[in-house]
Amino acid sequence: MRIKRFEASDTYSAMAMVKEELGEDAVILSTRNLPGKGGATGGGARIEVVAAMEYDPEITLPPAPPLNKEARPPKAEGYGYHSVRHPLPPAAISQTAAKPALPPPDFESRLTAELSTRLLSADKATKIHFEANDLRLRFANFLRRQYCAKEELESRAGQARTSAEAARQSNRPDPKQVAQWRDKIIEQLPISPLAIDLNKTPTVVALIGPTGVGKTTTAAKIAAWYSIHEGLRVALLSMDCYRIGATDQLRTYARIMRLPCEIALRKKDLQTALRRHQDKDLIIIDTAGKSPYDPNHIRELGEWFSLTTGIEPFLVLSATCKKEDLQQIIATYAPLGIKGLILSKLDETRAYATLCQMLAGAALPISCLCTGQRVPEDFLLASREFLQTLFGQGWQAAAGELASEAKDRWAQ
Ligand SMILES: Nc1nc2c(ncn2[C@@H]2O[C@H](COP(=O)(O)OP(=O)(O)OP(=O)(O)O)[C@@H](O)[C@H]2O)c(=O)[nH]1
Ligand SMILES: [Mg+2]
């Protein structure tokens with residue numbers, strides 16, 4: 001709002017001055033007669049008109065309204081107070097102000113002090129307009145502060161996000177470096193494919209490990225590999241009298257492959273069966289799966305194996321097992337003198353990195369790899385090339401390799 005005082009010899013002339021200066025929309029705030037030189041009724045009496053213009057489009061509030069002397073707007077004619085500048089309408093704050101500066105913290109107290117001083121010397125009508133404009137100014141200032149605070153918060157949050165992302169990026173190792181580390185680990189994996197010493201017949205291998213890891217299935221796969229593929233004399237032996245139907249499982253495989261199969265329910269049965277198959281190149285013993293936390297399991301297995309020399313225990317580990325559990329399982333079975341590891345269910349996981357790391361740390365040779373449920377197809381003697389593909393490039397690449405290899409292998 002712009003307020004101005006006009007003085008003329010009569011009302012008509014005063015109104016003409018108002019219209020000329022403030023335009024048709026000017027509002028008359030007050031009129032009064034001013035005493036002339038000869039007193040209130042004497043000659044030379046004048047008319048005073050105070051008029052206001054509601055909105056002056058040429059005048060806008062500066063971004064941060066400072067109250068210091070240098071930044072004050074010019075004085076209006078008349079009563080000697082500032083023509084009050086119109087605060088920016090709320091909508092204009094976000095549209096026109098690119099980024100208004102936040103007013104100084106003591107802005108409002110200074111504004112109040114200054115306006116109070118001026119109000120003391122102003123008349124009633126002027127006081128009302130001062131107060132109205134004071135309110136508008138405060139409101140605009142409040143909106144501006146809210147806007148700035150929101151802007152500031154958003155920009156701080158953005159900066160925090162950017163720096164957190166930068167920190168994450170900088171902590172993340174270079175993928176090329178990761179691949180190099182992985183290749184180094186794979187190179188260092190101890191690999192010793194299951195081998196049958198034909199000079200010392202028979203070779204006796206026992207498959208041990210937790211429940212359901214694939215011991216019986218792997219026993220059948222190994223039997224198939226050496227009897228069908230390598231043409232060796234193979235016998236199967238089950239020590240699993242714990243689970244109903246466990247022996248039937250192995251017997252069924254043996255029947256299909258036309259291999260002898262013995263069931264050892266007591267320790268002396270094991271000795272007798274081993275003696276009976278001295279003419280074989282390979283005897284595969286399937287054992288009962290138990291929890292690695294079963295305190296009697298390892299002791300009992302140790303007692304059975306100790307009766308006969310030359311039994312080579314191979315620990316079957318499921319690739320789906322958690323790293324911590326794998327470490328615990330290896331530690332539990334270690335007292336039996338593990339000859340090698342058989343990794344089963346490699347097809348049932350895609351998370352090979354931790355498995356690979358754990359195997360490198362275990363320092364036990366990897367002897368066989370099982371890649372599915374099919375007997376005999378989903379089996380291969382441990383091969384560094386295959387593990388390089390599987391651990392380095394993932395399952396799809398490894399499965400492609402397996403498919404072409406299995407075709408050649410079992411077509412022979
Ligand atoms: N996907 C997949 N399944 C397998 C693999 N090896 C075995 N299995 C399956 O795992 C399940 C358990 O296999 P078993 O051979 O009975 O396991 P086990 O260790 O003898 O079990 P227990 O004698 O009960 O301790 C069966 O459904 C098998 O078909 C493998 O390499 N991949
Ligand atoms: Mg079994």
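Values below: every heavy atom of this structure, side chains too, minus hydrogens, waters and symmetry copies. Whatever order the structure lists them in is the order used to number ligands and atoms, beginning at 1.
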For [atom], what is the closest protein heavy atom, and at what distance to 0.1 Å?
atom                    : answer
atom 24 (O) of ligand 1 : Arg243 NE, 2.9 Å
atom 30 (C) of ligand 1 : Gly372 O, 3.1 Å
atom 8 (N) of ligand 1  : Lys345 CE, 3.8 Å
atom 27 (O) of ligand 1 : Gln373 NE2, 3.2 Å

- With Phe391, which of Ile185, Asp183, Leu189 fulfils side chain to side chain contact (heavy atoms under 4.5 Å, CB included)?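 Testing each of Ile185, Asp183, Leu189 against Phe391, the sole residue satisfying side chain to side chain contact (heavy atoms under 4.5 Å, CB included) is Leu189.
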
- If you look at every heavy atom in Leu29 and Ala52, which pair is closest and at what distance? CD1-CB, 3.7 Å

- Task: Mark yes when over 12 heavy atoms from residues, nucleotides or ligands other than Arg350 sit less than 6.0 Å from its CZ; otherwise mark no.
- Result: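 Enclosed: over 12 neighbouring heavy atoms sit under 6.0 Å from CZ of Arg350.
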
- Message: Within the supplied structure, the quantity of interest is the number of heavy atoms (other residues, nucleotides, ligands) at a distance under 6.0 Å from Glu165 CD; does it exceed 12?
- Response: yes

- Is the Mg ion (ligand 2) less than 2.8 Å from an N/O/S atom of Thr216, whether that atom is in the backbone or a side chain?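 Yes - counting backbone and side chain alike, Thr216 has an N, O or S atom under 2.8 Å.
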
Going by distance only, is there an N or O of [X] that falls short of 3.5 Å from an N or O of ligand 1?
X      : answer
Ser344 : no
Lys215 : yes
Glu348 : yes
Gly214 : yes
Thr218 : no
Asp347 : yes

- Please work out whether any backbone atom (N, CA, C, O) or any side-chain heavy atom from C-beta onward of Arg374 is under 4.0 Å from ligand 1, and answer side chain, backbone, both or neither.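 Looking at Arg374 and ligand 1, no heavy atom falls under 4.0 Å.
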
- Task: Please state which part of Leu346 comes within less than 4.0 Å of ligand 1, counting heavy atoms only: side chain, backbone, both or neither.
- Result: neither

- Query: Under 4.0 Å between a Lys/Arg side-chain N and an Asp/Glu carboxylate O for Asp286 and Lys215?
  - Reply: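 Salt bridge between Asp286 and Lys215, a charged N being under 4.0 Å from a carboxylate O: no.
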
- Sidechain N-carboxylate O distance under 4.0 Å for Arg156, Glu154: no

- Message: Could you check whether any heavy atom of Asp378 sits closer than 4.0 Å to an atom of ligand 1, since that is the contact criterion I want to use?
- Response: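 Per 4.0 Å heavy-atom rule, Asp378 does not contact ligand 1.
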
- Do any heavy atoms of Gln249 fall under 4.0 Å from ligand 1? yes

- Item | Exercise: do Asp10 and Ser13 side chains pair donor with acceptor under 3.5 Å | yes

- Query: Cut-off 3.5 Å, side chains only: do Thr308 and Gln271 have a donor facing an acceptor?
  - Reply: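 Per modelled atom types, Thr308 and Gln271 side chains form no pair under 3.5 Å.
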
- Item | Option set Ala220, Gly212, Ala219, Ser238, criterion heavy-atom distance to atom 21 (O) of ligand 1, minimum |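 It is Gly212 whose heavy atom sits nearest to atom 21 (O) of ligand 1.
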
- Message: Between Tyr333 and His297 (judged by ring centroids, cut-off 6.0 Å), do the two rings come close enough to count as a pair?
- Response: yes

- Item | Check: Asp248 main-chain N/O paired with Tyr253 side-chain donor or acceptor under 3.5 Å |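 Pair absent, no side-chain N/O of Tyr253 close to backbone of Asp248.
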
